Asks: 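Okay, here's the structure, questions in a sec.
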There are 2 protein chains.
Amino acid sequence: MEQDTSYKERKVITIGVVSELTGLSERQIRYYEERKLIFPERSHRGNRKYSFADVELLIDIANKREEGVQTFEIRQEMLKEKRKEEDKKIRKELMRGQINARFGVQKDS
Amino acid sequence: MEQDTSYKERKVITIGVVSELTGLSERQIRYYEERKLIFPERSHRGNRKYSFADVELLIDIANKREEGVQTFEIRQEMLKEKRKEEDKKIRKELMRGQINARFGVQKDS
DNA sequence: CGTGTAAGGAATTCTGACACG
DNA sequence: CGTGTAAGGAATTCTGACACG
């Protein structure tokens, strides 16, 4: 289901390049990971790898930080967003279920 | 005009990751550059950086090589392709020019 | 809390070259 | 021609820690 060929989601960018792309120091980037704001993959021997989506997220984080928002609060907001997304998804699936129940394919047997 | 925010074209991937992604050795990847099949950018201090488009191109090259096609021939084909693309583009622009001449915006002055 | 920095080590990347076929 | 490899050096990345505020 999860098509992970998407260029935006593939984790292939090393921390040095991410640093250039975002203007953040490597220290900051690693710290935001420690605070569970960002989740890079690890290469074979432990090097962090980020996606373009991660880069964009980091830029958002940087903006929030500049406004004085603490990492803890940013995390709260992100979790809230995530819950909202999941809710939407579930509602969609429920709807689909109801439609199928009335007009959809027959259950076999 | 050239919108280079495109994830596919941004050169951000280091040679080690490209090697993993393509299955090619770093030696091979550097050699194909020497033969002018691929054109990475360089980071600040000289490290090669590739795009997803480059990765796909390298996979195509690898397939051709497996069929025994020489790098020189691959280069020929690529140049031919490129010329074809440019031709198409020019024809398109010519067409647009004619349409504008009859129905388009007035030239000022 | 958020970030800088020095520390020490391991892994990465670079170039030019020799080897083989 | 296309690729492997050893060589030496420079740059990258990692972790854990101390510092400051």
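As the structure is a prediction and not an experimental result, all values here were calculated from the model. Lettering follows sequence order; numbering is per chain, from 1. Values below: all heavy atoms of this structure, side chains included; hydrogens, waters and symmetry mates excluded.
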Asks: Identify the two heavy atoms, one from B/Thr71 and one from B/Arg35, that lie closest to each other, and give their separation to 0.1 Å.
Replies: OG1-NH1, 3.1 Å
Asks: Produce a footprint string for nucleotides 12-19 of chain D: one letter per nucleotide, 5' end first; B if the base is under 4.0 Å from any protein heavy atom, S if only the sugar-phosphate is, - if neither.
Replies: SSSB-B--
Asks: OP1, OP2 of C/dT3 versus side-chain N and O of A/Tyr31: anything below 4.0 Å?
Replies: no
Asks: For B/Tyr32 and B/Leu24, which heavy atoms make the closest approach, and how far apart are they?
Replies: CE1-CD1, 4.1 Å
Asks: Assess whether a salt bridge exists between B/Arg75 and B/Glu33, defined as any Lys/Arg side-chain N lying under 4.0 Å from an Asp/Glu carboxylate O.
Replies: no
Asks: Is the shortest side-chain heavy-atom distance between B/Thr14 and B/Asn47 below 4.5 Å?
Replies: no
Asks: Represent DNA chain C in dot-bracket notation, 5' to 3'. Only Watson-Crick or G-U wobble pairs with both distances under 3.5 Å count; pseudoknot-style crossings use [ ] and interstrand partners use |.
Replies: |||||.||.|.|.||.||||.
Asks: Measure the distance from CD on A/Glu67 to C1' on C/dG2 and round it to the nearest whole Å.
Replies: 17 Å
Asks: If you look at every heavy atom in A/Ala53 and A/Glu9, which pair is closest and at what distance?
Replies: CB-OE1, 3.8 Å
Asks: Within the structure provided, determine whether A/Leu57 and A/Met78 are in side-chain contact (heavy-atom separation under 4.5 Å).
Replies: yes
Asks: My understanding is that only one of B/Arg48, B/Lys11, B/Arg10 makes a salt bridge (charged side-chain N to carboxylate O under 4.0 Å, His left out) with B/Asp54; could you say which?
Replies: B/Lys11
Asks: Is the shortest side-chain heavy-atom distance between B/Ile15 and B/Arg30 below 4.5 Å?
Replies: yes
Asks: Using atom CD1 of A/Ile38 as one end and atom C1' of C/dG2 as the other, report the distance to the nearest whole Å.
Replies: 17 Å
Asks: Between atom CD in B/Glu20 and atom P in C/dA11, what is the gap in whole Å?
Replies: 14 Å
Asks: Round to a whole Å and report the spacing from CZ of B/Arg75 to C1' of D/dG2.
Replies: 17 Å
Asks: Under 4.0 Å between a side-chain N/O of A/Tyr32 and OP1 or OP2 of C/dG2, yes or no?
Replies: no
